[in-house]
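Below is one structure, written out as structure tokens; comments come after it.
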Amino acid sequence: MLLLFRAVIGRDLRLAMRRQADVVAAMFFFIIVVSLFPLGVGPEPDQLRKLAPGVLWVAALLATMLSLPRLFADDYRDGTLEQLALAPQPLGVVVLAKVVAHWLIAGLPLVMLAPVLGIQFDLSNDALAVLTLSLLIGTPALSGIGAIGAALTLGVRGGGVLLSLLILPLYIPVLIFGAGAVDATVTGLGPQAHLSLLGALTLGGVFFAPWPTAAALRVALE
Amino acid sequence: MSHRLINWFRYASPQTFYPLAGKMIPWFWMLAAIFGLTGLSIGFLLAPTDAQQGEGYRIIFLHVPASWMSMFIYLVMSFWAAMGLAFNTRLSGMMASALAPTGALFAFISLWTGALWGKPMWGTWWVWDARLTSELILLFLYIGFIALQAAIDDPRRADKAGAILALVGVVNIPIIYFSVKWWNTLHQGASVSLTKSPSMATTMLWGMLLCALACWMYSIAVALMRARTIMLERERHTDWVRTLLAAKE
């Protein structure tokens, strides 16, 4: 089981490395969306500092959304997914491995970019550290919950738009606690409570999401 | 006992449920009209004017039942979704998709009437209050469910995918509700609260309860009508639908 887990992660990472343009495009989408906000609301540092956590987190949600449709689509099209579903190991393990790989490809780059973009918004060092930490803790939940939506919209008309319609409402708690942690640091309340809740969401999300995802995949493969 | 069980499962098939639903619908419409008329006449004619809110409070006779129904229908929908997944019955999926538009409608009515009430009372159409926000998110969840079912052509797959989504949603509703609540209290003290209102006069409560019953009856009637249409549409290739339609012509 662990062997399959590692094999799937390794395979997904290798596939992503062969098509780096996809990964880079999602990262630049994140950078561009974040950079648009100062242009839209004006360059006053006070205002930007207040907006930064929300803007960065919403942009992270959207950038994650962007790469989700491809989570299962390629494997579905060429029949790999069917073979994985036939394997003696539970399909949930495969899903979990794919979620981990998706996070490494789509989530981790966002975490590493965030402090640089935060500087554009004139965030203090403490706030930058908490922002990065909150993204590090929170983005795995985005990949986990997103996998459910990706599996449900597999091979469905207008999958991309539908996916955001299904998944974005479920992302709301992650957004609230993620942006809230940075907000709490800025206002001097301390981010521990938010970060703990965010950690709970991630653990719960990543632990439970493979079940409905596997069920949805089996429905799609019927 | 076994006799009763068989009776229940008898109506799990569209063929037997279709005429039963047809017989029940007029009754539920009638009850909805009776409850609605008495509830509204109590609400508008008998209930006293509120000391603080004046006449404007009377919108609660529509607003509160609509909010209750919007939440309750999501639970009922998830119940049918779970039944459909567990027992693989055709009717459960049909019931779930028949309920979704009614639930979305009530969520929308609740938001709309809430805005109409908020303007004179709070001086604003919308506040980012925890309840308002979570009702809005509930509307999004309904829309997602309807959109997912509409996008999948195969009805069996649409039912199952919708069922998984509804169950994921129902697990998430408490999480979303509490996160929104904490978000609100952490951001700012709630400047306005719905819970602060003085304890209600008995006539008001009765009016509201009757209106809630009317909304129940309306929901059941409409859901059954929609389920009947879905049944005919999905089972159009079967013999019982053909004979039924032939008999009608």
Side-chain angles (χ1 to χ4, degrees), chain A residues 50 53-54 141 144-181 183-184 187 189-191 193-194 197-198 200-201 204-205 208-209 211-222, chain B residues 74 78 81-82 84-86 88 93 100 104 107 128 130 133-188:
Chain A
K50 228 175 266 169
I145 300 168
I148 304 174
L152 282 173
T153 55
L154 204 52
V156 165
R157 256 181 290 124
V161 183
L162 189 59
L163 178 65
S164 39
L165 207 59
L166 302 186
I167 289 305
L168 286 178
L170 301 180
Y171 276 175
I172 289 169
V174 183
L175 171 68
I176 288 175
F177 295 125
D183 250 359
T187 51
L189 282 171
H194 285 93
L197 282 165
L198 202 58
L201 284 177
F208 287 110
W211 275 297
T213 310
L217 286 179
R218 290 207 189 276
V219 170
L221 287 173
E222 259 172 20
Chain B
Y74 200 92
S78 320
L85 277 185
N88 212 10
W128 287 96
T133 316
S134 35
E135 186 75 26
L136 183 69
I137 296 166
L138 186 64
L139 178 64
F140 292 159
L141 290 177
Y142 274 121
I143 302 288
F145 180 85
I146 297 171
L148 180 67
Q149 290 219 317
I152 303 177
D153 291 323
D154 173 22
R156 299 290 289 155
R157 195 190 153 186
D159 277 349
K160 282 187 184 165
I164 294 171
L165 182 69
L167 290 179
V168 170
V170 89
V171 172
N172 264 288
I173 281 177
I175 302 177
I176 293 175
Y177 178 72
F178 280 108
S179 64
V180 169
K181 203 172 169 180
W182 288 334
W183 161 74
N184 188 275
T185 46
L186 285 171
H187 263 238
Q188 69 205 34

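For Ile145(A), no part lies under 4.5 angstrom from a heavy atom of chain B. Interface remark: Ala150(B) contributes backbone atoms only to the contact with chain A (heavy atom separation under 4.5 Å).
Of the inter-residue distances, the one linking Leu152(A) atom CG with Lys160(B) atom NZ reads 13.0 Å to the nearest 0.5 angstrom. Rounded to the nearest 0.5 angstrom, Arg156(B) CZ and Glu222(A) CD are separated by 8.5 Å.
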Check: residues 166-181 of chain A side-chain donor-acceptor pairs under 3.5 Å, at least two apart:
residue   : atom : partner   : partner atom : Å
Tyr171(A) : OH   : Leu142(A) : O            : 2.6

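Residues Ala161(B) and Val219(A) approach most closely at N-CG1, 4.3 Å, considering heavy atoms. Nearest heavy atoms, Arg157(A) versus Ala151(B): NH2-O, 3.3 Å.
Most heavy-atom pairs under 4.5 Å with chain A: of the set Leu148(B), Ile175(B), Ile137(B), this distinction falls to Leu148(B). Comparing Val156(A), Leu163(A), Val161(A) by how many heavy-atom pairs each has under 4.5 Å with chain B, the most go to Val156(A). Among Leu154(A), Leu201(A), Thr153(A), the residue with the largest count of heavy-atom pairs under 4.5 Å with chain B is Leu154(A).
For the side-chain contact (heavy atoms from CB on, under 4.5 Å) test, residues two or more places apart in sequence or in another chain that qualify with Ala147(B) are Leu162(A), Leu165(A).
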